[in-house]
Amino acid sequence: MAAEIVEQFSEKHENEGYFDALLETVNEDGRHEHVTSVFEQRRQWKEARANGDDDHPILKAAGDNNEYIDAFLDLIWDWNHIINVRLHKATKTSRLIPTTGMSDMMLMHDQCDKCWSMHGAKWAPDAHLAKKHGGEGAPMVKKYIEYFYMMKLRDVEVEGFYYIVDACLRAKTEACAQDLVVFAIMTAKPWFHTLGEGYFGLAPGRGYENNQESSLLYQIYNQGMISSKVFGVHTHMFNSTEDPSQIRFGGFNKDLFMEGHDMLHVETRAKSSWEIKFNSAGFYTEEVWKGWHALIDPGYPFIALPKQAFEMFKNDLKKAYPDAPVTCSDDEWCYFVSKCSKIIDGMPDLQFTFPTTTGESATYRVPAASFLFDDRDTRTKLDTCHLGVVRQRFSDLDHFVLGSSFMENFYVVFDGKDTNVNRIGLSANPATVSSETKAPSANPEDPSSRGASGSAASLVVGIIATVVFAVFIAAVTTCICIRKRKQEKLQKAKTYFDSLKTEEEGDQIESDASRTDDNPNHFLKSTSETANEKLVGDLL
């Protein structure tokens, strides 16, 4: 197939070692046997709607794939994944981070002087939204963003207006929508710098009209860009041409499940959120956190914790590595002064136990390879290994954020098609995830069962009583011995101090002049390096 395309669109010069690719001109509205422009897609859609056909023509034209759209997720320099969205009035495709933590499509406005994008796409609205819904001329809407930019956690306060645009999702098959309402950033404090242009919000929360129907997820569904409020995410913390990260809108791709994996579902905290509860989570200690909530978000590279939970993680990390040169900054993350290859083998897994819709619980493990990141200080040439477990900057966030570091180990499905509840699907091998199982109970109708269970219970109680009594006797004996030793030591000390009283006042144990050691720190009674001095020496 690739050879046919090259033959069709190029003139080869095999002997010279190069070939010329032809640049084709798209005439008029783009109706060409090989090219379908954005304008042609809009024309087809308008024509279909005028004829009473509500189905999206591009979705219908996809053949066997007419119920879903597959979009590739490209990993950019700052560890964020992006999808490509083409706006009608734009200089180039916008690179947006798909996130389950926002309900709007968020873009930089050309007039934002504190905003900067490396990609640099410029756009203009197709129409203006009414002032009552936050359009231009109304008081600016304020939002808070926490994001990663070039390995640094940033937080920014932004303000802006809502506008109306026509847009197409650039995927294996393009899907378009008209009159989408997007949020444009006009000002940023202190600044908003990113490699892309903004965010593609997929949260089922409140949109520009302060209701769920005006969220971007519901907009692209109602406008026909996607056929169902379901999307599945398959991702890595690296780019791959053989197994690319991708998001499927309108369904999920079971072909991308790991071998032996099946889907387990967890209900969300509310219909307006993708947050789910986990029973417990651990690291070095099996249960560091209990009863917290988490948001699984493809728009976040690492694993983010609320302040209190991060303090608990730091304490557990120091338990695991009491003698290692590990540093935890107050507002970001922890790192080792070492390459990750030297510590990865002994690093514990992160583990999260979720209650599933079957009534059982399943534990998902995240290996160290997913949350350890090498870094090198270009100034000091110092190698460090960062843990991708960071502290959230906003104190009002009460949930974990499980980003790509978590998601790359499991295919994740976000299912919002039920009118009453949302569900998160997590792929897993049922044979390897631990589940709570109920112990078999005796049949209450069977007398022999009751008798057997009663005898067993009596035996267990007797054994426990005996063990408790033996432990009590041992403890009392130990306490008596310890107290006796303390009394003997106190008596020896008393005798020693009494003997000092009989010495003459002029006697001196040691004269300062008689010291031959020139060490000015001799009074510390130690001339050896401290642990910190040795560590600093090793680092230098």
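Quick note: residue numbers are just sequence positions, from 1.
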Test log, rule side chain to side chain contact (heavy atoms under 4.5 Å, CB included), inputs His386 and Phe302: CA-CA 11 Å; His386 289 263; Phe302 309 122; over 6 Å; no

Evaluation steps, side chain to side chain contact (heavy atoms under 4.5 Å, CB included), between Phe192 and Tyr147: CA-CA 10 Å; Phe192 181 51; Tyr147 67 103; 3.6 Å; yes

Yes or no on side chain to side chain contact (heavy atoms under 4.5 Å, CB included) for Val412 and Thr235, after CA distance, side-chain angles and deciding distance? CA-CA 9 Å; Val412 183; Thr235 187; over 6 Å; no

Please step through side chain to side chain contact (heavy atoms under 4.5 Å, CB included) for the pair Asn253 and Tyr68, ending with a clear verdict. CA-CA 10 Å; Asn253 191 349; Tyr68 57 82; over 6 Å; no

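Checking side-chain atoms of Gln392 against main-chain N and O of Phe310 turns up no donor-acceptor pair under 3.5 Å. Judged by distance alone, with hydrogens and angles left aside, the side-chain atoms of Ser405 form a donor-acceptor pair with the main-chain N or O of Pro301 at under 3.5 Å. Between the Trp274 side chain and the Leu202 main chain, a donor and an acceptor come within less than 3.5 Å of each other. With hydrogens and angles ignored, the 3.5 Å screen pairs a side-chain donor or acceptor of Asn315 with a backbone N or O of Glu311. With hydrogens and angles ignored, the 3.5 Å screen pairs no side-chain donor or acceptor of Ser370 with any backbone N or O of Phe406. Looking at Asn422, its side chain does come within 3.5 Å of a backbone N or O of Lys271 through a donor-acceptor pair. Between the side chain of Trp123 and the backbone N or O of Leu87 there is no donor-acceptor pair closer than 3.5 Å. In this structure a side-chain-to-backbone donor-acceptor pair under 3.5 Å is present from Asp316 to Thr285. Remark: side-chain polar atoms of Lys318 are not paired, donor with acceptor, to backbone N or O of Val326 under 3.5 angstrom. With Gln223 contributing its side chain and Gln178 its backbone, the two residues share a donor-acceptor pair below 3.5 Å.
Taking a cutoff of 4.0 Å between a charged side-chain nitrogen and a carboxylate oxygen, Asp415 and Lys417 qualify as a salt bridge.
Between the NZ atom in Lys314 and the OG1 atom in Thr327 there is a gap of 10.5 Å [rounded to 0.5 Å]. Atom CD1 of Ile82 and atom CD1 of Ile76 lie 6.0 Å apart (nearest 0.5 Å). Interatomic distance, CG of Leu180 versus CG of Leu216, reported as 6.5 Å (0.5 Å rounding). Here CD1 of Ile220 is found 10.5 Å from OG of Ser227. Values are rounded to the nearest 0.5 Å. Rounding to the nearest 0.5 angstrom, the gap separating the OG1 atom in Thr358 from the CG atom in Leu264 is 7.0 Å. Distance check, rounded to the nearest 0.5 Å: CZ of Phe200 to CG of Leu107 gives 10.0 Å.
When only modelled atom types and interatomic distance are considered, Ser272 and Gln212 share no side-chain donor-acceptor pair under 3.5 Å. No side-chain donor from either of Thr353 and Asn279 sits under 3.5 Å from a side-chain acceptor of the other. Between the side chains of Glu213 and Asn222, a donor-acceptor pair is found at a separation under 3.5 Å. In this model, no donor atom of one side chain and acceptor atom of the other lie less than 3.5 Å apart for Tyr218 and Asn211.
Taking the six-membered ring for Trp and thresholds of 30 and 60 degrees, Phe257 and Tyr411 have ring planes inclined between 30 and 60 degrees apart. The aromatic rings of His236 and Phe238 sit parallel, their planes meeting at an angle under 30°, below the 60° perpendicular limit. By the 30° and 60° cut-offs, the orientation of the rings of Tyr364 relative to Phe410 is perpendicular.
The residue from Phe283, Trp333, Trp292 that alone fulfils the ring pair (Phe, Tyr, Trp, His ring centres under 6.0 Å) condition with Phe313 is Phe283. For the side chain to side chain contact (heavy atoms under 4.5 Å, CB included) criterion with Ile303, the lone passing option out of Leu402, Leu387, Val401 is Leu402. Just one residue in the list Leu75, Ile247, Thr99 forms a side chain to side chain contact (heavy atoms under 4.5 Å, CB included) with His81, and that residue is Leu75.
The shortest distance between side-chain heavy atoms of Met263 and Lys254 does not fall below 4.5 Å.
Ring to ring, Tyr321 and Tyr284 are not that close: their centroids are 6.0 angstrom or more apart.
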Contacts table for residues 335-351: side-chain donor-acceptor under 3.5 angstrom, sequence neighbours left out:
residue : atom : partner : partner atom : Å
Gln351  : OE1  : Arg365  : NH1          : 2.7
Gln351  : OE1  : Arg365  : NH2          : 3.2

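Crowding of Lys143 atom NZ: a count of heavy atoms from other residues, nucleotides or ligands under 6.0 Å exceeding 12. Heavy atoms of other residues, nucleotides or ligands lying less than 6.0 angstrom from CD of Glu157 number more than 12.
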